[in-house]
Amino acid sequence: VVEPVKVGIAGLGTVGSGTVNVLQRNKQEIASRVGRPIEITHIGARRDNPACNIDGIKVSRDIFAVAEDPDVDILVELIGGTDTARELLLTAIKHGKHIVTANKALIAEHGNEIFTAAHDRGVDVAFEGSVAGGIPILKSLGEGLAANHIQWIAGIINGTGNYILTEMQEHGRDFDEVLKEAQALGYAEADPTFDVEGVDAAHKLTILASIAFGIPLQFSKVYMEGIARLTTEDVKNADSFGYRIKHLGIARDTGEGIELRVHPTLIPKEVLLASVNGVMNAVMIEGDAVGPTLYYGAGAGSDPTASAVVADIIEVGRALTAEHDERVPYLGFHADQMAETPVLDIEDVTTSFYIRMSVQDKAGVLADITRILTEFNISIEAMIQREAEENEPVSIVLMTHKVSERAMNQALAKIAELGTVEKDIMRIRVEQLDA
Ligand code: HSE
């Protein structure tokens, strides 16, 4: 008789119920891939979920009972959040369980601690479902692209934000109205500011960058800007210049250090990422050997995220018959060989910019603005001035050539002091994504 791999699941929400469903639906194929059947022996959840059938499976209302159960080999953490989830994982690791989790906030903020504990106890931690839902992006980076020096990553890694931007773009709809709809669709985080302010994307970028560059997880160093300030006017202006606005997570090795940044970005309409719409996610990775590559798919949802979670269960299930040290390291690089490459301050980043400002409609204002830009060596690539009603401020929109964030900050601060320009100046970084 072949011993099954015994799985305990903590959390039976959207992803938890999807995981139960996929494990049951594809039971035979999965067993053939692992070489042993996978059996769910224990579920910990505050309440049952009608979206899945758990007849015959032991259920506890206390999730810690699953983490301590001797009849569990792999603890699958799908409760979300950081505090209880961290406690739960450390408890399970102490009890010698392997870990599978889809919790991006937990890995980004506490991953270093969790990996150390797991390494000391000789157990695995797999977290494919934590980034870009069903897209196997971590395995692609850590294994499929392992031959490459990774140069940069640019990804649409928050479905809610992308849905909002797409609706603004295609239907000229306003931000607030679309956000409510995204929440109703069930994609938004429990706290939707995580989606709107870029926190969710920053969690995912932290994880991608560690696996790409072999650096420790450094969530606190990610520069973060959300989509809340974008207007339909910006979307239209970008369109006139031949660009789309996407909320991107960007990680780049400049040779001096690593850029880690999450912000709205103008990208040329013709690059593939510009056509990724709605709640879909996509990640573009440039490796020195492979060149540009693109990964596209559902970044959230019950079955798509379960696809990644179950793949991790299969991976750990296979590894249970191998020696621990022969497995793929948690972050793709061995823990004692992580790089000390610094993460760059946002002021050291160089990009082109889209700038929109409201100015008084009188002689000399535009000249003042261009004089200040020239002073900081900022060259203008294109410009639009929108007609205004009498006595109304005029909207001036510029695209610049590449300039450092530091110079742009200084120039905009000086422009804001002119008195003829409204202080709330919109700036969006531009990326050509052409290597
Ligand atoms: N709130 C996230 C998103 C869910 O919209 O992408 C998946 O991590």
Side-chain angles (χ1 to χ4, degrees), residues 11 13-19 22 51 76-82 85 100-109 111 126-139 153-168 175-176 178-209 211 217 219 222 224-228 230 246-250 262-265 273 276-284 295-312:
T14 306
V15 183
S17 58
T19 300
V22 172
V76 183
E77 181 275 308
L78 303 170
I79 62 169
T82 45
V100 169
T101 176
N103 191 331
K104 55 240 165 164
L106 179 69
I107 296 296
E109 295 183 32
F127 43 98
E128 183 64 69
S130 65
V131 180
I135 307 175
I137 195 66
L138 304 187
K139 288 184 177 62
I153 299 175
I156 296 171
I157 45 182
N158 180 266
T160 304
N162 200 43
Y163 178 73
I164 295 172
L165 281 181
T166 304
E167 287 296 305
M168 285 171 79
F175 185 92
D176 291 334
V178 190
L179 172 61
K180 285 203 186 85
E181 202 175 290
Q183 282 173 280
L185 281 175
Y187 283 102
E189 293 300 299
D191 176 354
T193 58
F194 271 42
D195 296 303
V196 170
E197 302 298 340
V199 180
D200 179 71
H203 282 142
K204 294 166 179 164
L205 186 73
T206 302
I207 299 171
L208 286 172
I211 297 176
L217 296 152
F219 170 68
V222 182
M224 221 185 298
E225 225 175 82
I227 55 172
L230 292 176
K246 288 291 177 193
H247 189 254
L248 295 188
I250 297 176
V262 166
H263 52 69
T265 314
L273 271 187
V276 174
N277 288 326
V279 294
M280 298 308 274
N281 280 199
V283 182
M284 199 174 167
Y295 310 82
Y296 170 88
S302 187
D303 267 23
T305 311
S307 166
V309 170
V310 174
D312 276 349

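Note that ligands are numbered from 1 as they come in the structure, with each ligand's atoms numbered from 1 the same way.
Between the D200 side chain and the F194 main chain, no donor and acceptor come within less than 3.5 Å of each other. Between the side chain of E128 and the backbone N or O of I137 there is at least one donor-acceptor pair closer than 3.5 Å.
Here L273 contributes atom CG and K246 contributes atom NZ; the two are 8.5 Å apart, rounded to the nearest 0.5 Å. H247 NE2 to H263 NE2: the interatomic distance, rounded to the nearest 0.5 Å, is 8.5 Å.
Listed by number with element, the atoms of ligand 1 under 4.0 Å from a non-hydrogen atom of A300 are 4 (C), 7 (C). The contact set between ligand 1 and G159, taken as ligand atoms under 4.0 Å from a residue heavy atom, comprises 3 (C), 5 (O), 6 (O). Below 4.0 Å from some heavy atom of G299 lie the following atoms of ligand 1, by number and element: 7 (C).
The pair D176-K180 fails the salt-bridge criterion, with no side-chain N (NZ, NE, NH1 or NH2) lying under 4.0 Å from an Asp/Glu carboxylate O.
Looking at atom 5 (O) of ligand 1, its nearest protein heavy atom turns out to be T160 OG1, 2.6 Å. In terms of protein heavy atoms, atom 8 (O) of ligand 1 is closest to K104 NZ, 2.6 Å. Closest protein heavy atom to atom 1 (N) of ligand 1: E189 OE2, 2.6 Å.
Of the polar atoms of D195, at least one N or O is found under 3.5 Å from an N or O of ligand 1, judged by distance alone.
Looking at T305 against ligand 1, nothing comes within 4.0 Å, counting heavy atoms.
Side chains of I211 and I207 form a contact here, defined as non-hydrogen atoms less than 4.5 Å apart.
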